[in-house]
Enquirer: 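Have a look at the structure that comes next, please.
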Amino acid sequence: MGEGTMKRAILIRIGLLLLLSFVLTGAALLYVFRSSAISSAKEEALTIAELVRDTLTSYMIMGVIDKRDEFLSRVREMKGVKEIRVVRGPSVVKQLGYKTEFELPRDELEKKVLEEGRLREFIKESPEEAIYRVVIPYKAEPVKGINCLKCHQAKPGEILGAISLSFDLTAIRSYFLKVFAYMLAIFLIILLLTYLVVSRYLSPISSFLGELVEAMKSAKDGNFSIHIQTDPGYEGSLLKKAFEDTFSMLSTTLKNIEENIRAMIGYGVLKTGNVLSDTAKIVDELLKIYRFKRVIEKDARKVDVYKRLVDILDNYMSLDAFSLYEIDQHKNGIKPIHVKGMDRWCKEVIFENANECRAKRTGMDVDSKDFSCICPNFLDEEACTTGKLNYYCIPVYVGGSVGNVLQLVYESEMEPFIRLVIPYIKGYLNEASPVLEARTYMDILREQSLRDQLTGLYNRRFLEETIDKIAAQIKRRGTTLGILMIDVDYFKQVNDQYGHDVGDLVLKETARVISKSVRESDLVIRYGGEEFMVLLVDVQPGKSEEVAEKIRRAVEEHLIEAFGITLKKTVSIGVSEFPTDSDRIWQCIKFADVALYKAKELGRNRVVRFRPEFWEREEY
C-alpha cells in the first residue's frame with residue numbers, strides 16, 4: 001500500500017467514523033425528542049380529558065348542560081389542540097339519546113375504546129403535518145366526590161363514553177428539523193477541520209507506516225536489516241526505536257540459534273537466505289529426528305531400524321534412487337539392505353570385498369561432483385561420465401568402524417534438493433548409528449548363544465528354536481528337507497590316546513570338512529559331543545543319501561595334523577527325509593538317528609538311509 005493510498009484510507013475511516021457518530025447522535029436525539037413530544041401531548045390529553053369530564057359532570061348536576069358546546073369550543077382553541085369530541089357510550093345514548101351524529105363513535109378506534117375501556121393512541125405523520133390522536137374512555141365510577149351514577153342509569157365500571165383528542169405536532173417537528181439542520185452544519189464544519197488537521201499531521205505517520213509495512217514484508221522473507229528513514233514525530237519515534245531494536249535482537253537470536261544447532265548436531269545445514277524459514281526448518285527437522293530416535297530406541301531388531309530409516313528416505317525425503325548397505329566385518333563383504341531405482345547401483349565386486357567401496361575404505365563422504373566418477377565401482381559409468389547421474393555416498397560408523405554406507409543417486413537437476421536434504425539425512429544416520437551398534441552387539445550375543453564355541457557351527461539350541469519354522473517353510477513350498485545325523489567313528493579313542501586338545505582339533509576339522517561339502521543354504525549343527533547334524537534345505541527327493549556319501553568320503557580322505565601327529569578319521573551317517581519319511585519333523589530326526597545307529601551296527605564308515613523296518617515302535 002502506497003503512502004497516498006494509506007493516507008486516503010485513514011481519512012476515509014475517520015470521516016466514516018464521524019459520520020456514524022453524527023447519525024447515531026441524530027437518531028438518538030430524534031427518538032428522545034419525538035418520545036418527549038408524544039409524552040407531553042399525552043399528559044396534556046389526560047389533563048384535558050379530566051377537565052372536560054369534571055366540567056360536564058358539574059354542568060349536568062347544575063342543569064346547565066346546554067353550555068357544553070361552548071365549553072368544548074374554548075377547549076378546542078387551546079394551543080396544539082386540533083380537534084376535541086365527546087363520544088357517548090351505548091348506555092348514555094339509550095338513556096339520553098344524542099343531538100347529532102357528532103356525539104356517536106366515528107371510527108374503529110373510538111368503537112374499540114368504548115368496547116374495551118382502554119386508552120388508545122395513534123400518530124399520523126406525513127411530509128405536511130404530524131398529528132397525535134388519543135381516545136380516553138369515561139367509566140361509571142365516583143371521582144373527587146362526584147358520583148356520576150346518580151345521573152346515569154349505568155352499572156359501576158360501565159363505559160359511559162370517551163373523549164377523542166387530536167394534537168397538531170407539526171410545529172414541534174419543524175422546530176426539531178431546524179435544530180437538526182444546525183447540527184448538520186456544525187458537523188460538516190468539524191469534518192472539514194478534522195480533514196485539514198489530520199491531513200497535515202498524518203503525512204509523516206503515513207510515510208512511517210508505509211516503511212513499516214515494507215520492513216515487515218522483508219522480515220517475513222527473513223531480512224531483518226531494513227532501517228526506517230522517516231521521522232514520525234516523538235510518539236512514533238519511540239515505536240521506530242522499539243521496532244529496530246526488536247529486529248536487531250531477532251537477527252542476533254536467530255543467528256545464535258543456528259550456530260548452537262550446528263555445534264550440537266555437528267554439521268551445518270544449507271541456507272536459503274530466509275533466516276526465519278531456515279530456523280523453522282531446522283527446528284522442525286530436529287524434532288522429527290528426535291522422534292525418530294525415540295522410536296528406533298524401542299525397536300528390538302536391527303531390521304526394524306533399517307525399515308524405519310528406509311521409510312524416512314523413501315517416503316519423507318522422497319528420494320527416487322538410493323542404496324543402503326551393511327558391512328559384514330567378519331567376511332569383509334557388503335550386503336544390500338535396500339536398493340531403490342535399480343536392482344543395484346554398484347558393481348558386484350564390492351559385495352565380495354568391502355574395501356572396493358571407497359566410502360567404506362576411506363570412512364569419508366564420496367561425492368561424484370568433486371571428481372567425475374570418483375568411485376570406479378559405480379555401475380552406470382556412462383551416465384556418470386556424461387553427468388546424467390551423480391552420487392553421494394555417506395559412511396555410517398557403527399562401533400568405531402564403518403558399519404553401513406548410504407548411497408544417494410540423483411540426476412543433475414536434483415542437485416539443489418539433494419544438497420538441501422543431505423544435512424538432515426546425516427542427522428537421521430547419526431541418531432541411528434548408536435542404536436544400530438547396540439542392535440549389532442545384541443545380534444552378536446544372540447549369534448554366540450546359538451553357536452558352538454569350539455566349531456563355530458550352530459548348536460542344539462539353534463535347532464530347537466528354528467526347526468519348526470524350517471519344517472513349516474518346507475511344507476509351504478512343497479519341497480524336501482534332508483536330515484543327516486553324523487557321528488565321528490571311535491572318537492573316544494582319540495581323547496584317550498592323544499588327549500582332549502587333539503580331540504577338539506579333530507572335531508573342528510571334521511566340522512570344517514562337513515561345512516565345505518554342503519551348500520551355503522544348508523545348515524550344519526553340532527548336535528552334541530562328536531555328533532553332527534546337517535539339514536539339506538530344498539534337496540531333491542532321494543538326493544540326501546548322495547550328499548551324505550560325499551561327506552563321508554571327504555572326511556575319510558582328509559588328513560588331520562595336530563601337534564606333530566597325522567590322523568585320518570571316518571564318520572557314520574544316518575539319513576532321513578522330511579516329509580517323505582514322516583510329516584512330523586522330530587520323528588524324522590529320530591529316524592535319521594536310528595539309521596545312524598544302524599550304520600554303526602553294520603561296521604561304521606558308511607551311510608545308511610532310514611527304512612521303515614528299522615523302526616519297531618508305532619509312535620515316536
Side-chain angles (χ1 to χ4, degrees), residues 328-332 441 443-467 482-520 522-536 544-545 547-576 586 589-610:
D328 188 335
Q329 303 292 353
H330 298 291
K331 297 181 179 180
N332 193 34
Y441 289 146
D443 290 346
I444 292 173
L445 291 174
R446 176 169 174 77
E447 183 75 8
Q448 289 176 348
S449 72
L450 300 176
R451 291 277 184 179
D452 175 57
Q453 298 301 308
L454 177 64
T455 63
L457 300 178
Y458 288 116
N459 57 23
R460 189 161 182 165
R461 178 182 176 183
F462 169 82
L463 176 69
E464 292 171 350
E465 288 189 7
T466 60
I467 190 61
I483 303 172
L484 312 182
M485 295 296 292
I486 304 173
D487 187 78
V488 180
D489 296 333
Y490 303 110
F491 177 74
K492 186 174 184 300
Q493 293 179 1
V494 176
N495 281 336
D496 293 343
Q497 185 175 352
Y498 301 108
H500 288 282
D501 290 342
V502 175
D504 289 346
L505 185 59
V506 169
L507 291 176
K508 290 169 67 175
E509 285 294 303
T510 303
R512 186 172 66 84
V513 172
I514 294 173
S515 297
K516 288 179 64 177
S517 301
V518 297
R519 302 166 300 176
E520 286 191 9
D522 298 328
L523 300 173
V524 182
I525 300 166
R526 186 182 180 191
Y527 197 67
E530 68 273 18
E531 196 170 0
F532 300 90
M533 175 189 286
V534 178
L535 299 178
L536 305 175
S544 300
E545 195 171 354
V547 176
E549 180 62 26
K550 177 183 175 183
I551 294 173
R552 188 199 66 76
R553 286 197 307 268
V555 174
E556 184 181 33
E557 296 170 357
H558 183 69
L559 293 176
I560 302 174
E561 295 183 358
F563 307 106
I565 303 171
T566 302
L567 299 174
K568 289 183 71 173
K569 297 301 295 179
T570 61
V571 292
S572 301
I573 305 175
V575 181
S576 70
W586 284 105
I589 293 173
K590 184 62 178 178
F591 287 167
D593 198 38
V594 170
L596 170 62
Y597 280 99
K598 194 68 175 177
K600 290 183 177 182
E601 289 178 4
L602 295 175
R604 293 183 169 84
N605 190 23
R606 66 190 65 234
V607 175
V608 174
R609 174 75 168 82
F610 173 79

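One is the number of the first residue; the rest follow in order along the sequence.
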Enquirer: Heavy atoms, side chains only, cut-off 4.5 Å: are Y498 and L567 in contact?
Expert: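 Yes. Closest side-chain heavy atoms under 4.5 Å.
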Enquirer: Dump the intermediate steps for side chain to side chain contact (heavy atoms under 4.5 Å, CB included) on N605 and V571, then the final yes or no.
Expert: CA-CA 5 Å; N605 190 23; V571 292; 5.7 Å; no
Enquirer: Please determine whether a side-chain nitrogen of the Lys or Arg among R512 and E509 lies less than 4.0 Å from a carboxylate oxygen of the Asp or Glu.
Expert: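 Counted as a salt bridge, because a side-chain N and a carboxylate O are separated by less than 4.0 Å.
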Enquirer: Do other residues, nucleotides or ligands put more than 12 heavy atoms under 6.0 Å from the NZ atom of K508?
Expert: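 Counting other residues, nucleotides and ligands, NZ of K508 stays at 12 neighbours or fewer.
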Enquirer: What residues form a side-chain hydrogen bond (donor to acceptor under 3.5 Å, both in side chains) with D496, not counting sequence neighbours?
Expert: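 D496 satisfies side-chain hydrogen bond (donor to acceptor under 3.5 Å, both in side chains) with K492 only.
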Enquirer: Under 4.0 Å between a side-chain nitrogen and a carboxylate oxygen: does that hold for R553 and E549?
Expert: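 A salt bridge is present here (some side-chain N lies under 4.0 Å from a carboxylate O).
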Enquirer: Do Y458 and R526 have a side chain donor and acceptor closer than 3.5 Å?
Expert: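 No donor-acceptor contact under 3.5 Å links the two side chains.
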Enquirer: Provide the closest heavy-atom pair for I525 versus R460 in the form atom of the first, atom of the second, distance.
Expert: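 The pair with the smallest heavy-atom distance is CG2-N, 4.3 Å.
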Enquirer: When rounded to the nearest 0.5 angstrom, what is the spacing between CD in E561 and OG1 in T566?
Expert: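 Going from the CD atom of E561 to the OG1 atom of T566 covers 4.5 Å.
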Enquirer: In this structure, are over 12 heavy atoms from other groups packed under 6.0 Å from Y597 atom OH?
Expert: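 Open: at most 12 neighbouring heavy atoms sit under 6.0 Å from OH of Y597.
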Enquirer: Between L507 and E530, is any pair of side-chain heavy atoms under 4.5 Å apart?
Expert: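 Contact flag for L507/E530 side chains = yes.
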Enquirer: How long is the gap from CG on D593 to CD1 on I483, to the nearest 0.5 Å?
Expert: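 D593 atom CG to I483 atom CD1 measures 11.0 Å (nearest 0.5 Å).
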Enquirer: What heavy-atom pair brings S517 and A554 nearest, and what distance separates the two atoms?
Expert: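 Distance-wise, the nearest heavy atoms are OG-CB, 3.7 Å.
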Enquirer: Checking side-chain polar atoms at under 3.5 Å, does N459 have a donor or acceptor matched by the opposite partner on R451?
Expert: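 No, no side-chain donor-acceptor pair sits under 3.5 Å.
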Enquirer: List the atom of K600, the atom of D487, and the distance in Å for their closest heavy-atom pair.
Expert: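 Heavy-atom minimum between the residues: NZ-OD2, 2.9 Å.
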Enquirer: Quick check: do I467 and L535 have side-chain heavy atoms less than 4.5 Å from each other?
Expert: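 Counting from C-beta outward, I467 and L535 do come under 4.5 Å.
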Enquirer: Can you give me the closest heavy-atom contact between K569 and V506, atom names plus distance?
Expert: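 K569 and V506 have their closest heavy atoms at CG-CG1, 3.9 Å.
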Enquirer: Supply the atom-to-atom distance D452 CG to L457 CG, rounded to the nearest 0.5 angstrom.
Expert: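 Nearest 0.5 Å value for the CG-CG distance: 6.5 Å.
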Enquirer: Does any part of the side chain of V524, heavy atoms only, come nearer than 4.5 Å to the side chain of V518, both counted from C-beta?
Expert: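 A side-chain contact exists here, since the closest heavy-atom pair is under 4.5 Å.
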Enquirer: Looking only at non-hydrogen atoms, find the nearest pair between N495 and G503 and report the distance.
Expert: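 Where N495 meets G503 most closely, the heavy atoms are OD1-CA, 3.4 Å.
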Enquirer: Side chains of I486 and I551, heavy atoms from C-beta outward: is any pair under 4.5 Å?
Expert: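 In short, these two side chains touch, coming nearer than 4.5 Å.
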Enquirer: D522 side chain to R519 main-chain N or O, any donor-acceptor pair under 3.5 Å?
Expert: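 Yes; judged by distance alone, with no hydrogens or angles, the pair exists.
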Enquirer: What heavy-atom pair brings L450 and E465 nearest, and what distance separates the two atoms?
Expert: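 The answer is CD2-OE1, 3.9 Å.
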Enquirer: So, T570 and D489: side-chain donor and acceptor under 3.5 Å apart, yes or no?
Expert: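 Judged by distance alone, the side chains do pair up.
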Enquirer: Under a 4.5 Å cut-off applied to non-hydrogen side-chain atoms, are L596 and K598 in contact?
Expert: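 They are not in side-chain contact.
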Enquirer: When rounded to the nearest 0.5 angstrom, what distance separates OG in S572 from CD in E531?
Expert: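 Reported value, rounded in 0.5 Å steps: 10.5 Å.
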Enquirer: Does any non-hydrogen side-chain atom of V575 lie less than 4.5 Å from one of V608?
Expert: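 No. Closest side-chain heavy atoms not under 4.5 Å.
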Enquirer: Can you tell me how far apart CD (E545) and NZ (K550) are? Round to the nearest 0.5 Å.
Expert: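 Going from CD on E545 over to NZ on K550, the span is 15.5 Å.
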Enquirer: Between atom CZ of F532 and atom OG of S515, what is the distance when rounded to the nearest 0.5 Å?
Expert: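 If I round to the nearest 0.5 Å, the distance is 9.0 Å.
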Enquirer: Does a side-chain heavy-atom distance below 4.5 Å link V534 with M485?
Expert: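 SC-SC contact between V534 and M485 ruled out.
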